[in-house]
Protein chains: 2
Amino acid sequence: MKARSPHTDEQHLTEQLGATGFRLTPQRQQVYDVLRHKRDHPTAEEVFIRAKHAMPEISMATVYNCLDALVKCGMARQVTVDRGATRYCPNMHEHGHCHCDACGKIFDVDIPHELAGLTLPAGFLARHFDVAVHGLCAACVAKKK
Amino acid sequence: MKARSPHTDEQHLTEQLGATGFRLTPQRQQVYDVLRHKRDHPTAEEVFIRAKHAMPEISMATVYNCLDALVKCGMARQVTVDRGATRYCPNMHEHGHCHCDACGKIFDVDIPHELAGLTLPAGFLARHFDVAVHGLCAACVAKKK
DNA sequence: TCAAGATTTAGAATAATTCTAAATGTAAGA
DNA sequence: TCTTACATTTAGAATTATTCTAAATCTTGA
């Protein structure tokens, strides 16, 4: 997680948005800041609640719109580990998610390149791998004892 | 996909349901038959429509109840490849899913054992791997040309 | 300055799923 | 066999997450 200067950050966001035909707006900046600030894979509703602290006027519809723009321009990813609300993640590296079924915590995990060795149906053109590991995190394993 | 005699099948279903405290009912049998008959990962609604042909009185709530019982007793799995309705799959082998983003078709794929080599957070106890490959199936790649 | 178009907003609409409560079915014991 | 307890089914209401709609506001470039 390299620190980037705020200036470069904003510039990068503007570029990415711009390249996909979107503008940088205060709301989009704010939503992106929320994602970067606490990388715990929040749902749209959690993003909404956090964004409201700095920007009380923001609406839920705008949060959805902003998250959608961020996903489309390649600054965030949607994460689906369970039924229930979609979660968002600003980590754009190829990675998977480890989900604790007891407490709901989500951890990013690297996915091994061997995965590319999957035998796919003939002619299938793979573009993205979604890997979710379900189980119990260390804390919850300990609790069960 | 080994053929099993209908008798053994029903027996197996009864046992599995029973072991989890469920009974075999005509509706659960029917829903399971639908899953086994056409293994195209139908949604609850698709299962409902198909089940109605043989059992016109069956209700949506019952289909959800039956699918839930089948999942709980280990006779079916939920599959989540995209937002939108949960899909169901009677293939209980450890396997992943390959999803064509253009036509929506879903293919079962074996997942390599190397996946077990994922570096998980310390102490994490993995119980299940969910692998979804997104891309384009051969037919849709051809169409794009 | 103005027009075109992008964005935000509140609230309505939709989709998928779960919940509720009443009716029905089933199994086990008196 | 009768009864009681409990499981199951059913229709419809409720809930949740998300998308849509239409009006208001903002931005940008001519």
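So you know, we letter chains A, B, ... as the sequences are listed, proteins then strands, and number each from 1.
Close to C:dT17, at under 4.0 Å from its OP1 or OP2, lies a side-chain N or O of B:Y64. Contact between the side-chain N/O atoms of B:T43 and the OP1/OP2 oxygens of C:dA16 is not found at any separation under 4.0 Å.
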When Watson-Crick pairs (N1 to N3 and N6-O4 or O6-N4) and G-U wobble pairs (N1-O2 and O6-N3) count only below 3.5 Å on both distances, what is the dot-bracket string of DNA chain D, with | for other-strand pairs? ||||||||||||||||||||||||||||||
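Across all non-hydrogen atoms, the minimal contact from A:M92 to A:M75 is SD-C, 3.8 Å. Across B:C100 and B:C137, no two heavy atoms sit closer than the pair SG-N, 3.3 Å. Taking both residues in full, the closest heavy atoms of B:K72 and B:T20 are given as O-CG2, 3.8 Å, listed atom of the first, atom of the second, then distance.
For the pair B:E45 CD and C:dT18 P, the computed distance is 14 Å after rounding to whole Å. Between B:K72 atom NZ and C:dT18 atom C1' the separation is 11 Å, expressed in whole Å. Distance A:R83 CZ to D:dA17 C1': 10 Å, rounded to the nearest Å. Between B:D68 atom CG and C:dT18 atom P there is a gap of 7 Å when expressed in whole angstrom units. What separates CD of A:Q30 from P of C:dT8 is a distance of 12 Å, to the nearest Å. For the pair A:R87 CZ and D:dT18 C1', the interatomic distance rounds to 15 Å; values are reported in whole Å. Whole-Å rounding puts the B:F48 CZ to C:dT18 P distance at 16 Å.
Taking a cutoff of 4.0 Å between a charged side-chain nitrogen and a carboxylate oxygen, A:K38 and A:D33 do not qualify as a salt bridge. A salt bridge does not link A:D68 to A:R28: none of the charged nitrogens lies less than 4.0 Å from a carboxylate oxygen.
Atoms CG and SG, from A:L125 and B:C98 in turn, are 10.0 Å apart once rounded to the nearest 0.5 Å.
By the 30° and 60° cut-offs, the orientation of the rings of B:H99 relative to B:H134 is perpendicular.
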Kindly determine whether A:R87 and A:Q78 satisfy side chain to side chain contact (heavy atoms under 4.5 Å, CB included), including the steps that lead there. CA-CA 6 Å; A:R87 294 166 175 284; A:Q78 293 188 311; over 6 Å; no
Within the 4.0 Å limit for protein heavy atoms, which parts of nucleotides 8-16 of chain D are touched? Write it as a string from 5' to 3', B for base, S for sugar-phosphate only, - for none. SBBB-----
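Other residues, nucleotides and ligands place no more than 12 heavy atoms under 6.0 Å from the CD atom of B:E45.
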